[in-house]
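Here is the structure we will look at.
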Amino acid sequence: MTLLPLLLLLASAGLATGAPAADPRQEAWDQFRSLYATGDYAGALPLAQRVVELPEASADRDHELPTAWSNLGATQLQLGDHAAALASYRQALELLEATQGIASRRLIGPLAGLGSVHAAMQQHALAAEFLSRALAVSRRADGLFNLAQMPLIDQPVDSQLALGNLQLAERERIYALRVSEQNYGFDDPRTLPSVVRLARFYESLAQFAAARGLYLRMRDISMKEGGLQNPTTIRALLAIGRSHRLQYTLDPDSLIEAAAAEQDSFFGRPAPTPMATNPSALRPDRVGEQALDQALAALRGATDPPRELLVEALIEMGDWMTT
């Protein structure tokens, strides 16, 4: 349900402005928004229902009612009432298609909402269909590399993975990284969330060389802001060590092949730190352990190191020693 804050924002765009303070619609909306924001979904539900009822007699009904239905759907989804949430989002979508056409950016909210409900119901084929349509509308309305689409990408990736469509999931993860690069630049720290998601995706599939190339990129970008004391740098070093350990555990011979691959370009860019080609230097204690040692040294040298990072580093080194 990671899409819900976005869905609420998209759905609320029509009611958040322009109504006088004494307007009962605005009063109901303000109360609903306050309760929803604090997680009181049970308390927000009757207000969401009231917001649906009030626009019926309004001159702005065609504009406000889809918004109200989407808000109601978001609340019902949070409460686990999937059947009701589907009905509410369908109402919003049908109204918008009838008044706005099939390409309006206002369709993104109910389409993404329907996708989230179907995903929550483990109906991933339907979820992927609605979420892909939401992405298509976003890209047509605001451009192929608009940043507003970023929260829409995670859920279809999860659904594609659940369906076993690894190539489609990988394509969306790479696309998200491309969007970040287009907007911020290749080495901008703001690209790191997309870098990390793609790296973890590859690591989950045991594609350790591809994951490590991204973790190296994460390390080099974060080093520019805070050096080894940057917690993001330390996380990158731990991930580099972990990837070597896991690869060594599952397929030690593949480390030689990984070295060659990591010396080639990665997504069109040189790998920041090519590995040695000498097979004796490819043992995990010569590369992965060095990354772990750097992480631990940085943490021990800090005045007040983040406790959770220190614990993670010590556990990772313990796993390394055991391996």
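The chain is numbered in sequence order, starting from 1. Note that these values count all heavy atoms, side chains included, but never hydrogens, waters or copies made by symmetry.
Side-chain polar atoms of Ser180 and Thr191 form no donor-acceptor pair below 3.5 angstrom. A donor atom on one side chain and an acceptor atom on the other are not found under 3.5 Å apart for Arg178 and Ser194.
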Evaluate Asn165 against Gln160 for side chain to side chain donor-acceptor pair (under 3.5 Å), listing each step before the verdict.
CA-CA 5 Å; Asn165 297 330; Gln160 296 294 357; 2.7 Å; yes

Go through it in stages, so that I can follow the logic: the residues are Gln247 and Arg212, the test is side chain to side chain donor-acceptor pair (under 3.5 Å), and I'd like the CA-CA distance, side-chain angles, deciding distance and then a yes or no.
CA-CA 11 Å; Gln247 185 170 359; Arg212 197 153 49 247; 2.8 Å; yes

Chi angles and distances behind the side chain to side chain contact (heavy atoms under 4.5 Å, CB included) call for Met223, Asn230
CA-CA 7 Å; Met223 281 280 289; Asn230 186 338; over 6 Å; no

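Side-chain N or O atoms of Ser70 include one that pairs as donor or acceptor with a backbone N or O of Pro66 at under 3.5 Å. The closest donor-acceptor contact from the side chain of Thr38 to the backbone of Leu35 lies under 3.5 Å.
Annotation: cation-pi pair Arg173/Tyr202 absent, no NZ/CZ under 6.0 Å from the ring centroid and within 45° of its normal.
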Listing, residues 118-125 side-chain donor-acceptor contacts under 3.5 Å, not counting sequence neighbours, or none:
residue, atom, partner, partner atom, Å
His118, ND1, Gln123, OE1, 2.6
Gln122, OE1, His124, NE2, 3.2
His124, ND1, Ser159, OG, 3.2

Using distance only, find each side-chain donor-acceptor pair of residues 299-318 under 3.5 Å and give its atom names and separation, not counting sequence neighbours.
residue, atom, partner, partner atom, Å
Glu316, OE1, Arg245, NH2, 3.3
Glu316, OE2, Arg245, NE, 2.6
Glu316, OE2, Arg245, NH2, 3.1

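Transitive grouping of hydrophobic side chains (ILVMFWY, heavy atoms separated by less than 4.5 Å) keeps Leu163 and Val157 in distinct clusters. In the hydrophobic cluster analysis, where Ile, Leu, Val, Met, Phe, Trp and Tyr join through side-chain heavy atoms closer than 4.5 angstrom, Tyr89 is grouped apart from Leu126. No single ILVMFWY cluster, assembled from side-chain heavy atoms under 4.5 Å apart, contains both Leu168 and Leu144.
Between atom CD of residue Gln100 and atom CG of residue Leu107 there is a gap of 8.0 Å, rounded to the nearest 0.5 Å. The CG atom of Asn146 sits 12.0 Å away from the CD atom of Gln182 when rounded to the nearest 0.5 Å. Note: Asp81 CG to Leu86 CG = 9.5 Å, rounded to the nearest 0.5 Å. Leu198 CG to Leu214 CG: the interatomic distance, rounded to the nearest 0.5 Å, is 5.0 Å. Within the model, atoms CZ of Phe186 and CG of Leu177 stand 7.5 Å from one another, a figure rounded to the nearest 0.5 Å. The OG1 atom of Thr232 lies 14.0 Å from the CZ atom of Arg219; values are rounded to the nearest 0.5 Å.
Residues satisfying the side-chain contact (heavy atoms from CB on, under 4.5 Å) test with Ala298, not counting sequence neighbours, are Leu228, Gln229, Ile234. With sequence neighbours excluded, no residue forms a salt bridge (Lys or Arg N to Asp or Glu O under 4.0 Å) with Asp319. Taking Arg242 as the reference, Glu203, Tyr215 meet the side-chain hydrogen bond (donor to acceptor under 3.5 Å, both in side chains) condition, with sequence neighbours excluded. Considering only residues two or more places apart in sequence or on other chains, Glu94 meets the salt bridge (Lys or Arg N to Asp or Glu O under 4.0 Å) condition with none of them. Partners of Gln294 by side-chain contact (heavy atoms from CB on, under 4.5 Å), not counting sequence neighbours, listed by chain and number: Leu237. With sequence neighbours left out, the side-chain hydrogen bond (donor to acceptor under 3.5 Å, both in side chains) criterion links Arg190 to Asp188. For Tyr175, there are no side-chain hydrogen bond (donor to acceptor under 3.5 Å, both in side chains) partners two or more places apart in sequence or in a different chain. For Glu172, the side-chain hydrogen bond (donor to acceptor under 3.5 Å, both in side chains) test picks out Arg139, with sequence neighbours left out. By the salt bridge (Lys or Arg N to Asp or Glu O under 4.0 Å) test, Arg235 is found to be paired with no residue, residues two or more places apart in sequence or in another chain being considered. Evaluation of the salt bridge (Lys or Arg N to Asp or Glu O under 4.0 Å) rule for Arg171 yields no partner, not counting sequence neighbours.
The shortest side-chain heavy-atom distance between Pro110 and Leu96 falls under the 4.5 Å cut-off. A heavy-atom distance below 4.5 Å is found between the side chains of Leu45 and Leu72. Asp251 is not listed as a side-chain neighbour of Phe208, based on a closest heavy-atom distance of 4.5 Å or more. You'll find the side chain of Pro193 reaches within 4.5 Å of the side chain of Arg197, heavy atoms only. In this structure the side chain of Leu111 never reaches within 4.5 angstrom of the side chain of Leu131, judged on heavy atoms. Within the 4.5 Å cutoff, side-chain heavy atoms of Tyr41 are placed close to those of Tyr36. Between Leu192 and Tyr184, every side-chain heavy-atom pair lies at or beyond the 4.5 Å cut-off.
Listed here is the closest heavy atom pair of Leu135 and Pro156: CD1-CG, 4.0 Å. What you find for Phe130 and Gly115 is that their closest heavy atoms are CB-N, 3.8 Å. Among all heavy-atom pairs drawn from Trp29 and Asn71, the shortest one is CZ3-ND2, 3.3 Å. Ser88 and Gln76 make their closest contact through OG-OE1, 2.7 Å (heavy atoms, listed as atom of the first residue, atom of the second, distance). Closest approach of Val52 to Ala68, counting heavy atoms only: CG2-O, 3.5 Å. For the residue pair Ala85 and Val117, the shortest heavy atom distance occurs at CB-CG2, 3.8 Å.
Taking a 6.0 Å sphere around CD1 of Ile102, one finds it holds 12 or fewer heavy atoms contributed by other residues, nucleotides or ligands. Arg133 CZ: more than 12 foreign heavy atoms inside a 6.0 Å radius.
One finds no salt bridge joining Arg217 and Asp220 here, because no Lys/Arg side-chain nitrogen approaches an Asp/Glu carboxylate oxygen to under 4.0 Å.
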